[in-house]
Structure formats: C-alpha cells, structure tokens
Amino acid sequence: MGRGTVVVGGGQAGIQVALELRRRGERGRITVVGEEPGDPYQRPPLSKEFLDDGYDAGRLALRTAEFYREAGIDLLTGERVVDTGDGVLVTDQGRKLPYDRLALATGAAPRRLAVPGADLGGIHHLRGLADARLLREELVPARRVVVVGGGFVGLEVAAAARARGKEVTVVEAAERLLGRSVAPVVSDFYRRAHARRGTTVRLASSVTGFDGRSGRATGVLLGDGSRLPADLILIGVGAVPRTGLAERLGLEVDGGIVVDACSRTGRPGVVAAGDCTVRPHPRPGRGRIRLESVPNALAQAGAAAASLLGREEPDTSVPWFWSHQGDLRLQIAGLSAGYDRCVVRGTPDEEQFSVLYYRQGELLAVDAVNRPADYMAVRRALTVGAHIPADAAGAEVPLKTLFCERTAV
C-alpha cells in the first residue's frame with residue numbers, strides 16, 4: 001500500500017486536483033492540507049458581492065464537509081507545511097504527511113507596499129476570507145475609502161464601496177486603469193464609467209506613504225505632495241506567487257513554480273497548479289506566463305491529476321477571465337498581449353461594447369463589457385480554431401456569422 005497523494009493548498013486548484021484524481025479512478029489516500037481554517041471556499045466573490053452586508057458566507061463553500069468524507073479526501077485545514085524530508089512533509093502542528101505523489105497549489109500572497117506607514121491599522125489587503133470579513137466590517141463606519149491600485153480587484157472593491165454610499169478615490173501609478181490587461185479604449189471607458197458613478201480616479205499618482213493617528217491610518221500621501229484623507233484604505237497592487245515550499249524541494253522557480261503544459265514540475269511525481277505557477281504561453285514561442293484565474297486553476301488541476309496518474313493530457317484550453325464591477329460585467333477570452341490592431345463593436349458610452357484584438361491579422365482575444373454574445377463567439381472561435389476577419393468584425397452582425405477558416409500567411 002503506497003503512502004498516497006498529498007495536495008498542499010486548500011484553494012480552488014488544490015481541491016480540484018483532489019476531485020479530479022477521484023473522478024479519474026484514483027483509489028489511494030488523498031490528503032489536502034491548507035493553512036486557512038474552515039472549509040475551502042471560492043475567492044472571486046470576496047472583492048464583489050461578499051462586501052455587501054447581506055451576503056451569506058455559506059454560499060462561498062466549494063463543497064460540503066460530507067462531500068469530502070464521502071469522496072475519501074482527508075481535509076486538513078489550519079495547518080501549514082513547515083518542513084520537507086524524503087517523501088514526507090511536516091506541518092506546524094508536528095503532523096507528518098508521507099507521500100508518493102505531491103501536488104503544490106500554494107497560491108499567491110498580496111503584494112505589499114514598502115512605504116512609511118504601511119503597517120498602520122485600517123490598511124487592508126484582500127486575498128482570503130479573513131481579509132474580506134475584516135474589510136466588510138470596517139466598511140460599515142468608514143466614510144472615505146481610498147483604493148491604491150487600478151487593477152481588477154481594486155476596481156471591484158471600489159464599485160462595492162460606492163454601492164454602499166462611500167466616498168471612493170482610486171489611486172493608480174500608471175497612466176491608465178488596467179494598463180497591463182486591456183487596450184486604452186477599455187481603460188478610458190472604465191475611468192469614465194467609475195467617474196459617472198461617483199468614484200474619483202487619480203492616474204499617474206504614486207503613493208509615498210501613509211499617515212495616521214493612534215496607530216490607525218488617516219491619510220494617503222502622494223508623490224506630488226498631496227494628501228488624501230481616508231477612513232479605510234485597500235491596497236490592490238497585485239500578488240506574489242508563494243514558492244517557498246517549491247524552493248525547499250529544489251524545484252525550478254522563475255516568477256512562479258515552473259511547470260509544463262501538463263502541470264509537471266522538473267521532479268517526477270510532483271505537479272503544481274494555480275496562481276503559484278508559471279506555464280508555457282498558449283501561443284508557441286511566447287515563453288512562459290502566469291495566469292491568475294479560476295478557469296486556469298481548474299484547467300491546470302485537471303492536467304496535474306492526469307499527470308499524477310501517468311497520463312499526458314496537456315491543458316490546451318483558451319484562457320478566460322471575468323470582472324464584475326457593479327453593473328459593469330467584463331468578460332475576456334484569449335490573451336491580447338502583443339496585439340497590433342483592435343476593433344471596437346458597439347458604443348462604450350452606452351456601456352455595452354466589445355474590443356477584438358488582432359496581431360498580423362490573427363484573432364487573439366476579446367474584451368466584452370455587458371456584451372456576452374461577443375464574448376461567447378470569440379471564445380468559441382479561439383477554441384475551435386476559427387477566424388473572424390478584422391475588417392468585418394466591426395459590423396453590427398452576430399460574430400458567429402463571420403466565422404471562417406484562417407488563411408495561411
């Protein structure tokens with residue numbers, strides 16, 4: 001009888017690895033160990049609907065406790081792996097976890113700002129349920145909220161705070177919102193849309209520190225010498241993959257745990273999945289990429305489980321993402337980096353439009369705001385290898401009617 005499989009990380013990727021192993025016929029012991037207390041849960045709602053007072057936290061659960069028991073998955077929560085040996089892990093509670101096969105789904109941690117005052121009370125980072133609960137609690141008395149970072153999480157929290165009647169300012173160091181993810185036309189749309197809803201957006205503004213009183217932050221200091229008064233501050237400037245365990249195991253780490261398309265590390269019997277990894281770019285010749293999304297976590301988990309069972313099932317799925325900022329529903333399919341042309345469908349001022357991205361005439365991706373049919377059509381085209389000609393994409397006809405075969409270059 002073998003020692004079984006240990007999955008480190010009780011988030012979406014880790015749980016999915018365990019579920020996929022069972023679904024694919026694995027009968028041996030499966031243990032999932034995670035640092036957070038309580039049952040595993042969904043993270044996406046934490047920056048959105050969870051921040052509303054009426055949201056029931058029970059809706060976050062990925063599965064019931066009974067489900068894990070019936071599936072024969074040993075779930076250890078509130079324990080952190082602190083040591084590694086030859087085929088054994090040791091937790092901070094002294095528990096030894098021997099394994100034949102190992103899956104790392106250690107996730108990522110919020111990036112911190114190294115500026116004076118960053119350790120004051122009232123400054124929040126949002127990654128886990130405990131963070132979200134504290135943020136929701138402190139939103140109640142707060143009147144002035146400052147969000148540092150104009151990325152997806154920052155804008156989602158800003159929208160949630162505005163919906164609760166707060167005075168909200170978003171501070172972004174770059175020249176535009178979502179600058180690493182979307183075209184300027186989409187960035188400009190979100191700036192205008194949030195402003196229409198009462199949020200102040202400060203672009204090209206660096207944060208140099210925080211001031212406070214009695215150990216609690218009361219203001220954000222900016223590079224131009226100005227100060228923004230604040231009762232509550234959220235820092236949303238990205239996440240850093242958690243690779244410490246991988247490094248102790250001697251695995252290759254380069255901006256994340258390096259895996260192939262089958263989620264395999266360079267060590268036999270050890271796989272990794274989710275936000276902690278860097279993987280081959282879906283487009284050959286583009287190097288590696290780190291994708292932070294639930295769909296990527298699920299797809300990588302499936303590939304990882306197959307690899308642990310000796311099967312080669314590379315993840316070839318089309319990356320997709322979403323961001324709900326109040327009533328602004330953004331859906332993304334594909335990866336737009338490196339585009340040289342974009343085509344806008346619809347009217348941004350009407351808050352229903354999409355942007356198709358192309359490189360040398362080849363369709364790369366779509367950003368669709370409150371326009372789900374365009375999102376679904378492009379995602380389908382990318383999945384089946386169909387093409388949508390750029391010169392025709394701007395016409396107000398269903399995109400699915402424009403599908404054609406790619407023309408060889």
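- Of the charged side-chain nitrogens involved, none lies within less than 4.0 Å of a carboxylate oxygen, so that Arg24 and Glu26 do not count as a salt-bridged pair.
- A donor atom on one side chain and an acceptor atom on the other are not found under 3.5 Å apart for Tyr41 and Gln12.
- Side chains of Arg371 and Tyr375: a donor-acceptor N/O pair is absent below 3.5 angstrom, by distance only.
- Using a distance-only test at 3.5 Å, with no hydrogens or angles considered, no donor-acceptor pair links the side chain of Asp56 to the main chain of Arg59.
- Remark: Arg192 engages Asp188 in a salt bridge (charged side-chain N to carboxylate O under 4.0 Å, His left out) (not counting sequence neighbours).
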Do Thr243 and Leu104 pass the side chain to side chain contact (heavy atoms under 4.5 Å, CB included) test, and can you show the C-alpha distance, the side-chain angles, and the key distance before you say yes or no? CA-CA 9 Å; Thr243 60; Leu104 302 181; over 6 Å; no
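- Partner of Leu139 under the side chain to side chain contact (heavy atoms under 4.5 Å, CB included) criterion, out of Val157, Asp231, Val145: Val145 alone.
- The shortest distance between side-chain heavy atoms of Val237 and Val207 does not fall below 4.5 Å.
- For the ring-ring contact (aromatic ring centres under 6.0 Å, His included) test, no residue two or more places apart in sequence or in another chain qualifies with Phe210.
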One pair to check against side-chain hydrogen bond (donor to acceptor under 3.5 Å, both in side chains): Gln352 and Thr347. What are the steps and the verdict? CA-CA 6 Å; Gln352 289 186 337; Thr347 306; over 6 Å; no
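- Residues Phe152 and Ile332 meet the side-chain proximity criterion, which asks for heavy atoms closer than 4.5 Å.
- For Pro282, the side chain to side chain contact (heavy atoms under 4.5 Å, CB included) partners two or more places apart in sequence, or in a different chain, are Ile289, Pro319, Leu335.
- Residues satisfying the salt bridge (charged side-chain N to carboxylate O under 4.0 Å, His left out) criterion with Arg63, sequence neighbours excluded, are absent altogether.
- Judged purely by distance below 3.5 Å, without hydrogens or angles, the side chains of Ser307 and Glu312 never pair a donor atom with an acceptor atom.
- Atoms CG and CD1, from Asp119 and Ile123 in turn, are 7.5 Å apart once rounded to the nearest 0.5 Å.
- Between Tyr358 and Tyr339, the ring center distance fails the sub-6.0 Å criterion.
- Atom CD of Gln42 sits about 12.5 Å away from atom CD1 of Ile15, to the nearest 0.5 Å.
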side-chain hydrogen bond (donor to acceptor under 3.5 Å, both in side chains) between Thr265 and Glu252: does it pass, once the steps are laid out? CA-CA 8 Å; Thr265 69; Glu252 183 182 2; over 6 Å; no
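- With rounding to the nearest 0.5 angstrom, the CG atom of Leu46 is 10.0 Å from the CZ atom of Arg127.
- Judged by distance alone, the side chain of Asp367 and the main-chain N or O of Ser354 form no donor-acceptor pair under 3.5 Å.
- A salt bridge links Asp74 to Arg29: at least one charged side-chain nitrogen sits closer than 4.0 Å to a carboxylate oxygen.
- Under the 3.5 Å distance criterion, with hydrogens and angles disregarded, a donor-acceptor pair is assigned to the side chains of Ser323 and Gln325.
- Side-chain atoms of Arg22 come within 3.5 Å of backbone atoms of Gly72 as a donor-acceptor pair (strictly under, hydrogens ignored).
- At a cut-off of 3.5 Å, with distance as the only test, a side-chain donor of Asp315 or Ser317 sits close to an acceptor on the other residue.
- One distance of note links CH2 of Trp320 with CD of Gln331; it measures 8.5 Å at 0.5 Å rounding.
- Here ring pair (Phe, Tyr, Trp, His ring centres under 6.0 Å) pairs that include residues 93-146, with residues two or more places apart or in two chains, number zero.
- Between Leu330 and Trp322, the closest side-chain pair of non-hydrogen atoms is not below 4.5 Å.
- Checked for salt-bridge contact, Asp52 and Arg164 miss the test: no charged N lies under 4.0 Å from a carboxylate O.
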Trace of the side-chain hydrogen bond (donor to acceptor under 3.5 Å, both in side chains) decision for Ser226 with Arg202: CA-CA 12 Å; Ser226 63; Arg202 298 276 300 259; 3.3 Å; yes
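- For Asn296 (side chain) and Leu291 (main-chain N/O), a donor-acceptor pair under 3.5 Å exists by modelled atom type.
- Judged as a side chain to side chain donor-acceptor pair (under 3.5 Å), and not counting sequence neighbours, the contacts of Arg95 are Glu79.
- Side-chain polar atoms of Arg242 and Thr106 form no donor-acceptor pair below 3.5 angstrom.
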